[in-house]
Number of protein chains: 2
Amino acid sequence: MPRVGLDQSKIIHAAIELANDQGLEQVTIAALAKKLGVRPPSLYNHFSSLIEIRTKIAREGMQKLEDTLIRSVAGKSGEEAILSFSKQYLTFANANPGLYEATIQPMNVPDNVVADTSKNMIDLLVQLLSAFSLTEQESLHLVRGLRSIVHGFASLQRAGGFQMNFKVEDSLLYTIKLLCDGMKAKQ
Amino acid sequence: MPRVGLDQSKIIHAAIELANDQGLEQVTIAALAKKLGVRPPSLYNHFSSLIEIRTKIAREGMQKLEDTLIRSVAGKSGEEAILSFSKQYLTFANANPGLYEATIQPMNVPDNVVADTSKNMIDLLVQLLSAFSLTEQESLHLVRGLRSIVHGFASLQRAGGFQMNFKVEDSLLYTIKLLCDGMKAKQ
DNA sequence: GTATAATAACTAATATCATTAGTTTTGTAA
DNA sequence: TTACAAAACTAATGATATTAGTTATTATAC
């Protein structure tokens, strides 16, 4: 039994690698143990269940996504910021498929860290929309709309829902621009 | 061994009931057999695998959704048709959560029936957009955009992604209207 | 440096899952 | 009525997560 020197961080990052390479559903105790060169029960010294591992993956994904999005709008405002936000959201989902999947998976037990991070991203969107003169209610509708668009694009692309004729990113940006046009027309 | 009189249709409809009640992931051979009052291996007289059952559920879901959407736009055109389409899409996803989930699940083996139905729905959207004067490319971008919006809303709502402050449907319709405004502003 | 305690691995076992092989029963058609 | 196909069954296999209990390693206290 030579010790392999596992800890939570090493396990989570192996799990994320597995998720990105093979899909989130391939993140099993058995596969993870194999990847780490250890017997399945050994993982229970670091985590109490597979659900806990999944939750930690989701946290990591949400935080990394939030970080990416905050950086993407730094120094930008209005339509430019919204476009950058949307583009980076899609890019993140493409670059980290398994990790992104974990962030949108309905969780068995609701997690506060994930919920808080999600709220932060909503607040960020509200802030970006303040450049347009909207009522509070309009703004809240639109935040939902923007989240649904970026998530919808990311999710449909992941599921193979688009033919490859032309770039998905172009379609996303076209849609967002049109929405901004609609906002401007209101003013 | 009194015969229980199973057939593919009865099994699929029991599976759909299970999916809507308990979630798609609860559709297992074991749970299905229990619900139907039969031993698990008996199901293999009607289906060759769980994957086949899942595929048939997805087909049923796609066809029912397509049917719903076609009805929703009958006798309507332009913005009115698009709003009705979107509203009924969301309503369908809410009323049939497990069935809707099956339609968006990336399939292990690509299925022609599902692909064809999906194409029909895209064609329907293209048709609805013909009321606006768009180039072919613009129209294709926008079809992707509309699909992403309705799917995004349905998916985020399912995952508990929205607080209950006010109606999700209102947010969806607000977003779609804004998009239509953007289209009109182009003309 | 050595004893001790905490920790990280292990083995063995249980329960659930899908699936396969082989068997029995049932219903129907000749 | 007999024969055959279909639909159920039992038994078994191999994968899964998880638990209990055990051993070995590492770090800490003296």
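- Across residues 9-35 of chain A, A:Thr28, A:Ile29, A:Ala30 each have a non-hydrogen atom less than 4.0 Å from an atom of DNA chain D (numbered order).
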Table of protein N/O atoms under 3.5 Å from nucleotides 3-6 of chain D N/O atoms:
unit_1, atom_1, unit_2, atom_2, d
D:dA6, N3, B:Arg3, NH2, 2.8

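- With sequence neighbours left out, the side chain to side chain contact (heavy atoms under 4.5 Å, CB included) criterion links B:Phe166 to A:Leu140, A:His141, A:Arg144, B:Ser171.
- Under the rule for a ring pair (Phe, Tyr, Trp, His ring centres under 6.0 Å), the partners of A:Phe162 that lie at least two apart in sequence or sit in another chain are A:Phe153.
- Atom NZ of B:Lys184 has more than 12 heavy atoms from other residues, nucleotides or ligands within 6.0 Å.
- In this structure, the side chain to side chain contact (heavy atoms under 4.5 Å, CB included) partners of B:Ser49, at least two apart in sequence or on a different chain, are B:Ile51, B:Glu52.
- Applying the side-chain hydrogen bond (donor to acceptor under 3.5 Å, both in side chains) criterion to B:Lys167, with sequence neighbours excluded, gives no partner residue.
- Residues forming a side chain to side chain contact (heavy atoms under 4.5 Å, CB included) with B:Thr103 (at least two apart in sequence, or on another chain): B:Met62, B:Tyr100.
- Near DNA chain D, defined here as any heavy-atom distance below 4.0 Å, the residues from residues 42-51 of chain A are A:Tyr44, A:Ser49, A:Leu50, listed numerically.
- Qualifying side-chain hydrogen bond (donor to acceptor under 3.5 Å, both in side chains) partners for A:Asp111, counting only residues two or more places apart in sequence or in other chains: A:Arg59.
- With sequence neighbours left out, B:Glu169 forms a salt bridge (Lys or Arg N to Asp or Glu O under 4.0 Å) with B:Lys87.
- Applying the salt bridge (Lys or Arg N to Asp or Glu O under 4.0 Å) test to pairs two or more places apart or on separate chains, those with a residue in residues 148-158 of chain B are B:Glu101-B:Arg158.
- Among residues two or more places apart in sequence or in another chain, the side chain to side chain contact (heavy atoms under 4.5 Å, CB included) test is passed with A:Ser9 by A:Asp7, A:His13.
- Rounded to whole Å, the distance from CZ on B:Arg39 to C1' on C:dA18 is 16 Å.
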